[in-house]
Amino acid sequence: MIEDLPADVAGVLEAVLDPADLVHAVLRAQAGRMRVGRRCGCGCGTAELEAVEGVAPAEPVPGEAGLRIAVQALLYDGDGGCPGEVLVFVRDGRLAWVEVAWWSDATVTLAEAARMLRARGGK
């Protein structure tokens with residue numbers, strides 16, 4: 001369980017970061033030592049992550065440099081539609097932010113994204 005992050009952010013990270021994947025396992029360890037620094041103002045809940053002050057940061061993903069998308073997960077609603085996706089960004093081997101992008105008229109929040117991901121993955 002990823003603690004100390006808001007439930008919506010933790011829920012998305014838990015759903016998309018597979019502990020059996022070595023890179024994902026490193027990112028999960030990092031998430032346990034991070035907090036939300038800033039949120040998007042549109043209501044989607046996209047969250048920038050930063051290290052918790054006074055807590056030693058977890059090790060970065062070895063060999064990672066620059067900014068990249070570490071995870072891209074499509075979101076499916078109960079009707080089989082795909083209203084958007086979740087993106088997890090990494091900068092220099094460390095979690096940078098969790099973003100939800102939507103392709104419909106309605107805003108998809110991170111909390112809704114976490115529910116859709118759990119429903120799809122059975123978590």
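- Without hydrogens or angle criteria, Asp92 side chain to Gly66 main chain gives a donor-acceptor distance under 3.5 Å.
- The distance from the CD atom of Glu99 to the CD atom of Gln72 is 10.5 Å, given to the nearest 0.5 Å.
- The neighbour count for Leu67 CG, taken as heavy atoms of other residues, nucleotides or ligands under 6.0 Å away, is above 12.
- Around CZ of Arg39, the count of heavy atoms belonging to other residues, nucleotides or ligands within 6.0 Å exceeds 12.
- Arg28 places a side-chain N or O within donor-acceptor distance of the main-chain N or O of Leu17, the cut-off being under 3.5 Å.
- Note that CZ of Arg91 is 13.0 Å distant from CZ of Arg68, once rounded to the nearest 0.5 Å.
- Side chain of Glu50 to backbone of Gly37: no donor-acceptor contact under 3.5 angstrom is found.
- For Arg115 (side chain) and Gly11 (main-chain N/O), no donor-acceptor pair under 3.5 Å exists by modelled atom type.
- In this structure, Arg118 contributes its side chain and Ala15 its backbone to no donor-acceptor pair below 3.5 Å.
- With respect to Val100, the side-chain contact (heavy atoms from CB on, under 4.5 Å) criterion is satisfied by exactly one of Val12, Asp8, Leu75: Leu75.
- Summarising the geometry of Val71 relative to His24, their closest heavy-atom pair is CG2-NE2, 3.7 Å, with the distance given to 0.1 Å.
- The closest side-chain heavy-atom distance from Trp97 to Arg38 is not below 4.5 Å.
- Of the residues listed (Val86, Val36, Thr46, Leu5), the one engaging Val98 in a side-chain contact (heavy atoms from CB on, under 4.5 Å) is Val86, and it is the only one.
- Closest approach of Glu112 and Val108 over heavy atoms only: OE1-CA, 3.4 Å.
- Using a 4.5 Å cut-off on side-chain heavy atoms (C-beta onward), Pro83 and Met116 make contact.
- Judged by distance alone, with hydrogens and angles left aside, the side-chain atoms of Asp79 form no donor-acceptor pair with the main-chain N or O of Gly81 at under 3.5 Å.
- At distances below 3.5 Å, not a single donor-acceptor pair connects side-chain atoms of Glu59 with backbone N or O atoms of Ala29.
- Contact annotation: the side chain of Val9 approaches that of Leu49 to within less than 4.5 Å [non-hydrogen atoms, C-beta and beyond].
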